[in-house]
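Here is the structure we will look at, set down as structure tokens.
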Number of protein chains: 2
Amino acid sequence: MLHPVILSGGSGTRLWPLSRQNQPKQFLKLMGDHSLYQETVLRASKLPSAQVPVTVCSEEHRFMVGEQLQAIGIASGGILLEPVARSTAPAIALAALHVLANDPQATLLVMPADHLIADEAAFRAAVRSATKLAVEGWLVTFGITPDYAETGYGYILRGDGLGDGGYRVQRFVEKPDVAAAEHYVAEGTYAWNSGMFLFQARRYLDELAKYAPAILQAAQASYASAKADLDFMRIDREAFAASPSDSIDYAVMEKTQRAAVVPVSCGWSDIGSWSSLWSVAERDDDGNRYEGDVIAVDTRDSLVRASDRRMIATIGVEDLVIVDTADATLVARKDRVQDVKAVVDRLKAAGRTEHLFHRKVYRPWGSYDSIGVGPRFQVKKIVVKPGAALSLQRHAHRAEHWIVVSGVAEVTCDDRVFDLHENESTYIPLGSVHRLRNRGTEPVELIEVQSGSYLGEDDIVRLEDVYGRS
Amino acid sequence: MLHPVILSGGSGTRLWPLSRQNQPKQFLKLMGDHSLYQETVLRASKLPSAQVPVTVCSEEHRFMVGEQLQAIGIASGGILLEPVARSTAPAIALAALHVLANDPQATLLVMPADHLIADEAAFRAAVRSATKLAVEGWLVTFGITPDYAETGYGYILRGDGLGDGGYRVQRFVEKPDVAAAEHYVAEGTYAWNSGMFLFQARRYLDELAKYAPAILQAAQASYASAKADLDFMRIDREAFAASPSDSIDYAVMEKTQRAAVVPVSCGWSDIGSWSSLWSVAERDDDGNRYEGDVIAVDTRDSLVRASDRRMIATIGVEDLVIVDTADATLVARKDRVQDVKAVVDRLKAAGRTEHLFHRKVYRPWGSYDSIGVGPRFQVKKIVVKPGAALSLQRHAHRAEHWIVVSGVAEVTCDDRVFDLHENESTYIPLGSVHRLRNRGTEPVELIEVQSGSYLGEDDIVRLEDVYGRS
């Protein structure tokens, strides 16, 4: 059986201001209706004999993973929560252990969550080739046939043919300089290292035992004491933190005698920057890609992305990236977008939050968006998912007014519990113990007006929480 | 006595998205704490023997004029409301009639509301010269010594000297082509036509009687039947509309034998575009002008203006104008900003409103800002000025929740009248007759959550209104 394993480790800010630490690239709808994570899951689900996907992600992103799976109607084969980042070799070991518990013959298809593949047929053909090699005991990496002399990726030099479109790996090559990259592309025997792998789970652990036993031991120990929590597996922090931090390339692929590569040309992109998104996106005759409400006059070769409730007008510009969000707008020359890092660094240095999270914040129970703020008051739009509940809580410095605009909210306020229907409101006095719950089948939308001397998110005492946050 | 007359006729969209039809350039705080209108009033108020200013403006802008005067603590000498636009000659005739009613010897200093003057001392000196000439019966225009060969302005060729820094006007020249403009600048005897004038009110009307009697008659008839309303004079529509539409230049200055010009170099600008604002603004060493929350990396010769609650980041760009507002963002090459007109035309053609008004809307009683909107609900932040009241009104399609966040609101809801204090809320059921009033001395801020099937501004029946809108 083929078990897709999706590594959702990135916390990238390279697509800031759209990507934030708590909402990285893989969860964004960059093109069309699905996020890259969802695209990856859907792509894998179409493969012959594919099982439900296993996702390895950080604690912080767990509810987003759960929701994005639910939104596309794909069952989860497990969401493994890495308590700390230890690179890819330990993460894949966790997934292998998880899958082997139920399928001792499991084959793993390991994929980063944040890559784009335009030509799915080519990808499926490559998976077919790799599967045949995996059966013979090969650890297969997918090598992307390079389109140009990229210096930002590692390369793989192929060796002898193994049949079925596969080759022995002759050598892994670090990120090259331009001259070397040009040589690699001209040579025709080098491929980009895509970070996608296919192998028998058992075989991977065997190789790990041979070349990186400390990683295997830490994975085994931490997985053995993992705790199931809703759809999640909470991996034991102390045991997992004991693992060396190492990539699968260094820990296994560069050392094993059984490394194979299947070259593939499938319109792959890691969308490592706004310019890279522009280059893979469909564009109009003037080379522009627009998302949202854009009015453009004499604009060329630009990516313009408007956010909800606001339009962007451009006049006489070219080679720009313009990205608007609720709290930040980026205007950058397209060939300078990698310097978005400099902006994020300044935000960090100033103790700001625009690199950490969006104005709209996702929570296990739904979301909130701070739509208005002033001295001593804040207005939030709150959405509570069907069946969900906020924690039973209390605030020391603020009172709250709730007005339901759709759905039916169950409100607890001290010793009263009552339903609040559309167009009804209630008042939560300062210090009251309160809870908001949605027992219905439709989302509850409500407007919360907070008033008080201090309105920070940290003025909250959680007395009880179904998501383990109290 | 010197009576400043401020012509606030423009409805320009050349500074879109900051300028809107209901909030044109003269009312914007483009630099510093005051609008151009306020700067114009303040500048005039410092002149020796200056009286309270008379403003001529359109019906639509009347409350903005009143508020902006109040904000700088300057008493109004009258706000004359033009019922229709008829260019400058009739507007100035109205002001002359208004001023002569109390001061038969009045001298008028006529100034457009939307111009910038950097060197006030030079301006004051020119006013001194012009005043002396006016006493001798001259109609004086201020000619700006040109800095460069501008083709967007008319020019004035001076003739014989009259002493006191003044000259006879030899000729008014239409907007020239580049070659002619260059010639004019080189010549040294040409000046830009600034639209500022100084003359005896009586004298102006006499010349009007001679050269444009229909204008004088319409002004007299419409002023005679004007109605005083709060601080405003409502000019009679029918009588005023009968006036020919003509500028003071065509109607009087080009015809009279008594036209004089006082050349002046006073850092004058009409801020006719974003690039013109950039060129007169103080800039940093890289040639940038920033307003608001801007993080700039390698940015040059640009104007970047962030709006409330949102930051703008720029990377590697130059010669751009970036202007953000609550509902629209402009990104334009600095030498293409005149094409903002093309954007406004598209907005008009699409039946949109982003060229007409801002998300935050000023009303005689205060303001409202639509901070959140969704299916069947809208959230507004409402500010009611001390002493002000909304109309007594009723809605057919929406109910409203009000939560006071500061101040004390007097609420009328059907037959109840009660006070709502900070952090208290109330509910206005659909169909109820209601009113909001501020009897206090501090502004009332409240959050209104509307719910209903239709939430348009036109769902309002005004039963009673202190501002004459019922």
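We name chains A, B, ... by the order of the sequence lines, and we start the count at 1 in each one.
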Inset, instruction - Would you check if B:V344 and B:K348 make a side-chain contact, meaning some heavy-atom pair closer than 4.5 Å? - result: yes
Legend entry - pair B:H358-B:T325: side-chain heavy atoms closer than 4.5 Å: yes
Inset, instruction - Assign the ring pair B:H401 / B:Y427 to parallel, tilted or perpendicular, where the plane angle (0 to 90°) is split at 30° and 60°. - result: tilted
Inset, instruction - For the residue pair B:H397 and B:Y454, categorise the inter-ring angle as parallel (less than 30°), tilted (30 to 60°) or perpendicular (more than 60°). - result: perpendicular
Could you tell me which portion of [X] (side chain, backbone, both or neither) has an atom closer than 4.5 angstrom to a non-hydrogen atom of chain B?
X      : answer
A:A350 : neither
A:T426 : neither
A:V373 : both
A:D319 : neither
A:D335 : neither
A:V297 : both

Legend entry - Nearest heavy atoms of B:V317 and A:V331, plus distance in Å: CG1-O, 4.0 Å
Legend entry - Exercise: identify the closest heavy-atom pair between A:H355 and A:L347: ND1-CB, 3.6 Å
Below 4.5 Å, heavy-atom pairs only: which of [options] has the largest tally toward chain B?
options                        : answer
A:E354, A:E422, A:R336, A:M311 : A:M311
A:D339, A:I447, A:I322         : A:I447
A:V340, A:V337, A:D293, A:D324 : A:D293

Taking [options] one by one, which has the highest count of heavy-atom pairs under 4.5 Å against chain A?
options                        : value
B:A342, B:A296, B:A306         : B:A296
B:S406, B:G452, B:G372, B:G316 : B:G316
B:T314, B:I295, B:I315         : B:I315
B:A313, B:P17, B:A332, B:S425  : B:A313

Assess whether atom [atom1] of [X] is packed by more than 12 heavy atoms of other residues, nucleotides or ligands within 6.0 Å.
X      : atom1 : value
B:D308 : CG    : no
A:K385 : NZ    : yes
B:R283 : CZ    : yes

Inset, instruction - Mark yes or no: A:K334 above the aromatic ring of A:W278, with NZ or CZ under 6.0 Å from the six-membered ring centre and no more than 45 degrees from the axis. - result: yes
Could you look at [X] and say if it's the side chain, the backbone, both or neither that has a heavy atom under 4.5 Å from chain A?
X      : answer
B:E318 : neither
B:L330 : both
B:V449 : side chain
B:R309 : both
B:D369 : neither
B:V321 : neither

Legend entry - Partners passing salt bridge (charged side-chain N to carboxylate O under 4.0 Å, His left out) against B:R14 (at least two apart in sequence or in another chain): none
Inset, instruction - Using a strict 4.0 Å threshold on nitrogen-to-oxygen distance, state whether B:D33 and B:K29 make a salt bridge. - result: no
